*Asks:* 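Take this structure first; my questions come after.
Everything numeric here is computed off the predicted structure, so don't read it as measured data. Computed from heavy atoms alone, side chains included, the values below leave out hydrogens, waters and symmetry copies. In what follows, chains carry the letters A, B, and so on, assigned in the order in which the sequence lines appear, proteins first and then strands, with residues in each chain numbered from 1.
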Protein chains: 2
Amino acid sequence: MRIERLSAKAEDYLETILRLSETPRGARTGDIAAALDVQPSTVSAALKSLKEQGLAEYTPYGAVGLTPKGRQVAEDIAGRHVSLRRFFTETLGLSQEEAELAACGMEHDATPLVLDRMGLLGDFLRQNPALLGQWHAARATAKGERAPGVESGLDELPPGVRAVVVGIDVDSGLRKRLVEMGVTPGVLIAVERVAPLGDPIAVEVRGYRLSMRKAEAARIRVKWRPGLI
Amino acid sequence: MRIERLSAKAEDYLETILRLSETPRGARTGDIAAALDVQPSTVSAALKSLKEQGLAEYTPYGAVGLTPKGRQVAEDIAGRHVSLRRFFTETLGLSQEEAELAACGMEHDATPLVLDRMGLLGDFLRQNPALLGQWHAARATAKGERAPGVESGLDELPPGVRAVVVGIDVDSGLRKRLVEMGVTPGVLIAVERVAPLGDPIAVEVRGYRLSMRKAEAARIRVKWRPGLI
DNA sequence: TCGAAATGTTTGAGGACCCAAACAATAGCA
DNA sequence: TGCTATTGTTTGGGTCCTCAAACATTTCGA
């Protein structure tokens, strides 16, 4: 529907405004500037321009918001962003930071068809846990970074891959809770989902679903190899 | 090694110069302009700037070339471009046009790690033909575009996927050659590789490897379903 | 309530692109 | 060897994005 494509910068502003306007603080000039790593004066100019294009609502010194049209564009971009990041982390097994970095730039040019197929490929792999494990094992061994069979923290485990708990380095509190949930050496555990910012992490163990911080997950030592189901 | 990242535009100019300088005509201002869809005057300015940055060799009205530094950048970008396009066509099963469109924009922001993992994932799938067939079947049925079991031209078959020849609509010439090669209804056939521009297509049948034009491949009607090995 | 302090805007200026039109050089033909 | 057609460059102007510095407003503590 959008005849004239917006510039990547304009898309960045809209996406940032959308994200910030969901916080209690709202979208403020200074926060937008900090998020995009530009000066506040640049944001003022950008807001004026977005307003003229009918994309943002804005009164000087006042609140910044999006028009329905602006919100539509912003949600589209934000959607591409999460699709890419999800593919990079969950399917390609990259770190949150690396995924964020690449997604940030590629979101402006990824076509709907590309995003769609990436999603389908991820679903295809996840739908078969043994296959997913094989793939992650293959890519991990390819670069010799963290070969399967080697111990790591639960936080480093790709989502959907099952691993065996080998130990827990937690002093107290969490340890007790985990033991009550049945997280003891020998049981199978999997990361279900990692929040967009890498924290918290949704974990599945013995049919329980629990949520924990990344730092806590790092204390749970696991070992995995392909074919673990 | 490159401290200051070049702009996407500068990268586009370098990539185009590299590509054109491999043709007998060489890289000429007008051709660069046509390739990038800008006016020749814009190219003149760009060349002057690239020269100042030590990336291009250029004398007014003379030949355009790349310095070692410029060539290095251009080859890097060209490499990202083909990596992405290959992933989009061979792994995601997109058309050459769609892949080209997306690769063109995304090449500037795809990180080495992302490209590397995409390549590994493609290799992982291709290494098991049955798995590759399952994936392509899954994605084709997901959108109901070309469900497995349905007849199509050999040109539409994703590389690596085996299919059964059901017929050949060729008048003469090629038909005879194909029959001699053993391409008759009932035999298994696969596309091995598609050239970057979609033509020609390398085909594998009964251990033979043959090359044909896309238009010719379209005349070979095939039917495929997951699990065909 | 009445100033700082924090925050936001304007202004002026520059870089990176782009174009159209005027101008210059080259190539190829007579 | 000229002369024209093609090709390439310069010039002048515009947009978008950016900044620093000067200015305005709002917020908040005393």
Side-chain angles (χ1 to χ4, degrees), chain A residues 2-17 20-21 23-65 70 73-74 77 104-105 107-109, chain B residues 2-17 20-21 23-66 70 73 77 104-105 107-109:
Chain A
R2 57 187 154 110
I3 312 294
E4 193 84 20
R5 245 204 80 190
L6 288 174
S7 72
K9 295 295 179 181
E11 290 183 344
D12 282 337
Y13 279 105
L14 292 174
E15 188 186 6
T16 304
I17 293 168
L20 290 176
S21 57
T23 67
R25 234 175 112 75
R28 301 185 55 167
T29 302
D31 295 343
I32 299 171
L36 294 175
D37 196 27
V38 295
Q39 295 308 116
S41 60
T42 305
V43 175
S44 274
L47 289 174
K48 207 157 60 174
S49 162
L50 290 174
K51 184 182 179 175
E52 280 163 7
Q53 292 173 74
L55 296 165
E57 285 160 349
Y58 160 68
T59 45
Y61 297 102
V64 178
V73 175
I77 296 297
C104 239
E107 63 190 356
H108 303 292
D109 295 287
Chain B
R2 57 187 153 109
I3 312 291
E4 193 84 19
R5 245 206 79 190
L6 288 174
S7 72
K9 296 293 179 182
E11 290 182 344
D12 283 336
Y13 278 105
L14 292 174
E15 188 186 7
T16 304
I17 293 168
L20 290 176
S21 56
T23 67
R25 234 175 113 74
R28 302 184 55 167
T29 303
D31 295 343
I32 299 171
L36 294 175
D37 196 27
V38 295
Q39 294 309 116
S41 60
T42 305
V43 175
S44 274
L47 290 174
K48 206 157 61 175
S49 163
L50 289 173
K51 183 182 181 176
E52 280 164 8
Q53 292 173 75
L55 297 164
E57 283 160 349
Y58 159 68
T59 47
Y61 297 101
V64 178
L66 295 173
V73 175
I77 296 296
C104 238
E107 64 190 357
H108 304 291
D109 295 287

*Asks:* Using a heavy-atom cut-off of under 4.0 Å over every strand shown, decide if A:T42 touches base, sugar-phosphate, or nothing.
*Replies:* base

*Asks:* Look at A:S44 and C:dT9 and indicate whether a side-chain polar atom (N or O) is within less than 4.0 Å of OP1 or OP2.
*Replies:* yes

*Asks:* Any luck finding a side-chain donor-acceptor pair between B:E11 and B:S7 under 3.5 Å?
*Replies:*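 No, no side-chain donor-acceptor contact under 3.5 Å.
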
*Asks:* Find the distance A:R25:CZ to C:dG8:P and express it as a whole number of Å.
*Replies:* 7 Å

*Asks:* How close or far is atom P of C:dT10 from atom NZ of A:K48, stated in whole angstroms?
*Replies:*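 Checked: the NZ to P distance equals 5 Å.
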
*Asks:* Please report, rounded to the nearest Å, how far the C1' atom of D:dC19 is from the NZ atom of A:K9.
*Replies:*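 Spelled out: NZ on A:K9 to C1' on D:dC19 is 14 Å.
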
*Asks:* Can you build the contact string for nucleotides 23-29 of chain D? Use B for base contact, S for sugar-phosphate-only contact, and - for no protein heavy atom under 4.0 Å.
*Replies:* -BS----

*Asks:* What's the CG-C1' distance between A:L36 and D:dC17, to the nearest Å?
*Replies:*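 About 12 Å, once rounded to whole Å.
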
*Asks:* Any salt bridge (charged side-chain N to carboxylate O under 4.0 Å, His left out) involving residues 39-63 of chain B? Give me the pairs, sequence neighbours left out, ordered by first then second residue.
*Replies:* none

*Asks:* Would you kindly give the CG-to-C1' distance between A:D12 and D:dC16, to the nearest whole Å?
*Replies:* 14 Å

*Asks:* At under 4.0 Å between heavy atoms, what does B:S7 touch on the DNA or RNA strands: base, sugar-phosphate, or nothing?
*Replies:*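 B:S7: backbone/sugar contact only, no base atoms under 4.0 Å.
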
*Asks:* How close or far is atom C1' of C:dG8 from atom CG of A:D31, stated in whole angstroms?
*Replies:*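 Spelled out: CG on A:D31 to C1' on C:dG8 is 12 Å.
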
*Asks:* Would you mind reading off the distance between B:R5 atom CZ and C:dA16 atom P, rounded to a whole angstrom?
*Replies:*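 Rounded to whole Å, this separation is 15 Å.
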
*Asks:* Of the options D:dA20, D:dT9, C:dC19, whose atoms approach the side-chain atoms of A:Q39 most closely?
*Replies:* D:dA20

